[in-house]
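Just so you know, ligand 1 is whichever comes first in the structure, and atom 1 is the first atom listed for that ligand.
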Amino acid sequence: MKKLLSTSPSPSLLVVCLWYMCLLLCLVRRSQAQNTTNATTDPSEVSALNSIFQKWGVSAFSTWNTTGDPCSGSAIDDSVSFDLERINPAIKCLCNFNNGTTCHITKMKVYEQNARGTIPEELRNLTKLSNLDLGRNYLTGPLPAFIGSLTDMQYLTFGVNALSGPIPKEIGNLRKLLSLGLGINNFSGSLPPELGNLVILEQLYIDSSGVGGEIPSTFANLVNLKKVWASDNAFNGTIPDFIGTWTNLDTLRLQGNSFQGSIPSSFSNLTLLTYLQISDISNGSSSLAFISNMTSLRSLILRNNMISGTIPSNIGEYQSLQQLDLSFNNLTGQIPSSLFNLSSLSTLFLGNNSLSGTLPSNKRLRLRIIDLSYNQLSGSFPSWVTQSGLQLNLMANNFVFDKSNSSTLPGLNCLQRNFPCNRGSPI
Ligand SMILES: *[C@@H]1O[C@H](CO)[C@@H](O)[C@H](O)[C@H]1NC(C)=O
Ligand SMILES: *[C@@H]1O[C@H](CO)[C@@H](O)[C@H](O)[C@H]1NC(C)=O
Ligand SMILES: *[C@@H]1O[C@H](CO)[C@@H](O)[C@H](O)[C@H]1NC(C)=O
Ligand SMILES: *[C@@H]1O[C@H](CO)[C@@H](O)[C@H](O)[C@H]1NC(C)=O
Ligand SMILES: *[C@@H]1O[C@H](CO)[C@@H](O)[C@H](O)[C@H]1NC(C)=O
Ligand SMILES: *[C@@H]1O[C@H](CO)[C@@H](O)[C@H](O)[C@H]1NC(C)=O
Ligand SMILES: *[C@@H]1O[C@H](CO)[C@@H](O)[C@H](O)[C@H]1NC(C)=O
Ligand SMILES: *[C@@H]1O[C@H](CO)[C@@H](O)[C@H](O)[C@H]1NC(C)=O
Ligand SMILES: *[C@@H]1O[C@H](CO)[C@@H](O)[C@H](O)[C@H]1NC(C)=O
Ligand SMILES: *[C@@H]1O[C@H](CO)[C@@H](O)[C@H](O)[C@H]1NC(C)=O
Ligand SMILES: *[C@@H]1O[C@H](CO)[C@@H](O)[C@H](O)[C@H]1NC(C)=O
Ligand SMILES: *[C@@H]1O[C@H](CO)[C@@H](O)[C@H](O)[C@H]1NC(C)=O
């Protein structure tokens, strides 16, 4: 024991000492990692920035150096992410211009800051912007054409404002654009064909934007799109076939437009889709054949599209499906029992079709919201209909009621297609 104690301490002490020195060095290096610079911000950008914020009635965030050079503090600190919610409004700069003497503003975020007014002319002075987020404010007036001169732009959003007028065709000059957000505004006119030049675009958010007309044929070039939100606009004509070549699509929302015709069969190639939402197509007929290889779907909404035929028999393969809405179509045939056995499904809307046959005898507990109203379903009820917490709508079908089930779902017997209760007796 004694021998061990007398011989072992010196090497282990050395190791511990070295370890602490390392740790200390690391800490020191870490605290020095914040960028410091002797470079200063381009003076025209400083005055443009101050002028923009003054016009919008927005004050800068406290860690943002407004008294001195704006490209200081968190604006040049690489350890402070631009995406941090708590740093808002925010800018980021790069200071390696003119041999390390000049900083340019490269990112600007004024998100949900009650900014009101128009998009000021001074914005065009921030020529090196690659990321501009002006989402959720009260910006009015037009989206100026000079936006198209900020050609370093990669992420551009004006979503959730009250901008009006046409979408400027000059946005088509922003060839580095990866994400464009124009949704929830009051634009007018149609989509400029020039947007088809944005060939590396991955995200396009134009839901509820006010635009309409046909989707330009130049959009056939936008094959890198992954997320497209285009619901609640006045798009018309047919849904273009070429969308079926956007095979990177993960999310497609096309609800509440004025499309006519059918869902293109080319959509069967969009096998990476996890969210597909198309509704309210008139004057056409589609089948569900095109979804047969989309087995990654989590949400499938194909409401009110004049879809006929049956629910695919392979529906049991859609193990990721959480939400399915095929209501207001012309679906016929039976409800496949595998549909009620899907492991992830929680919400099912099949109302207003012509489905027949009986209810599946088994249902997963997870499936808790079910609308089968206005169909031609018949037979009596499986035991799961009384599961507690289940939200179930079975009205306007042809269910059979007798002593065994008339008290299972009280009142439902009066709400079937043959409307049997109190007929002709004014109570
Ligand atoms: C800034 O300038 C000073 C004085 O010229 C110099 O000592 C320092 O190293 C410079 N700092 C940087 C980050 O370039
Ligand atoms: C914007 O830049 C132009 C020159 O490029 C300059 O004349 C103008 O004063 C600048 N605007 C502001 C607000 O600094
Ligand atoms: C603000 O800018 C001034 C002048 O450029 C500088 O002296 C000061 O250190 C900066 N403050 C911060 C917190 O970066
Ligand atoms: C901070 O330093 C890193 C490398 O040390 C550099 O790549 C980066 O451009 C610098 N950031 C700014 C704002 O100058
Ligand atoms: C760039 O800066 C370095 C160091 O500050 C200097 O030695 C060099 O001459 C400068 N180059 C030019 C083109 O100004
Ligand atoms: C939307 O723009 C139109 C003109 O295109 C205008 O008449 C209307 O008042 C605007 N609506 C809102 C809510 O701003
Ligand atoms: C689509 O809407 C535009 C503008 O409202 C209209 O001019 C055009 O005729 C419509 N096209 C079709 C196919 O309905
Ligand atoms: C799916 O893509 C392949 C390869 O591009 C193409 O040959 C085929 O015609 C497409 N299918 C449909 C239904 O458009
Ligand atoms: C689904 O994929 C299989 C195998 O790749 C293919 O044979 C079939 O035609 C595809 N179905 C549809 C509707 O495209
Ligand atoms: C519906 O489609 C048919 C054939 O495609 C066409 O002749 C007819 O005009 C369309 N109806 C309406 C209301 O657009
Ligand atoms: C779909 O059903 C509606 C109402 O039941 C009917 O008017 C329409 O003709 C049907 N369409 C097709 C394509 O079967
Ligand atoms: C339900 O699905 C599971 C696999 O998820 C399977 O083992 C079981 O046999 C299915 N039950 C019915 C009634 O189809």
Between Asp207 and Arg253, is the closest basic N to carboxylate O distance under 4.0 Å? no

Which of the numbered atoms in ligand 2 are under 4.0 angstrom from any heavy atom belonging to Ser47? 12 (C), 13 (C), 14 (O)

Any donor and acceptor pair, going by atom type alone, linking the side chain of Lys92 with main-chain N or O of Asp78 inside 3.5 Å? no

May I ask you to check whether the SG atoms of Cys71 and Cys103 are separated by less than 2.5 Å? no

State plainly whether the residues Lys226 and Asp250 are in salt-bridge range, i.e. N to O under 4.0 Å. no

At what distance is the nearest protein heavy atom to atom 13 (C) of ligand 9, and which residue and atom is it? Ser292 OG, 3.3 Å

For the residue pair Gln113 and Tyr111, confirm or rule out a side-chain donor-acceptor distance under 3.5 Å. no

Lys55 with Glu122: basic N within carboxylate O range, under 4.0 Å: yes

Taking the ring centre of each residue, are Phe381 and Phe401 less than 6.0 Å apart? yes

With a 4.0 Å cut-off on heavy atoms, is Ala48 touching ligand 2? yes

Any protein heavy atom lying closer than 4.0 Å to atom 3 (C) of ligand 9? yes

I'd like to check which ligand 2 atoms, numbered from 1 as shown, lie under 4.0 Å from a non-hydrogen atom of Glu122. 13 (C)

Which of the numbered atoms in ligand 9 are below 4.0 angstrom from a heavy atom of Ala289? 13 (C)

Short check: is a protein heavy atom less than 4.0 Å from atom 9 (O) of ligand 9? no

Within a distance under 4.0 Å of any heavy atom of Glu214, pick out the atoms of ligand 7 and give their elements. 13 (C)

Of all protein heavy atoms, the one nearest atom 14 (O) of ligand 7 is Asn236 ND2, 3.2 Å

Proximal candidate to atom 12 (C) of ligand 9 [heavy atom criterion; set Leu288, Asn293, Leu270]: Asn293

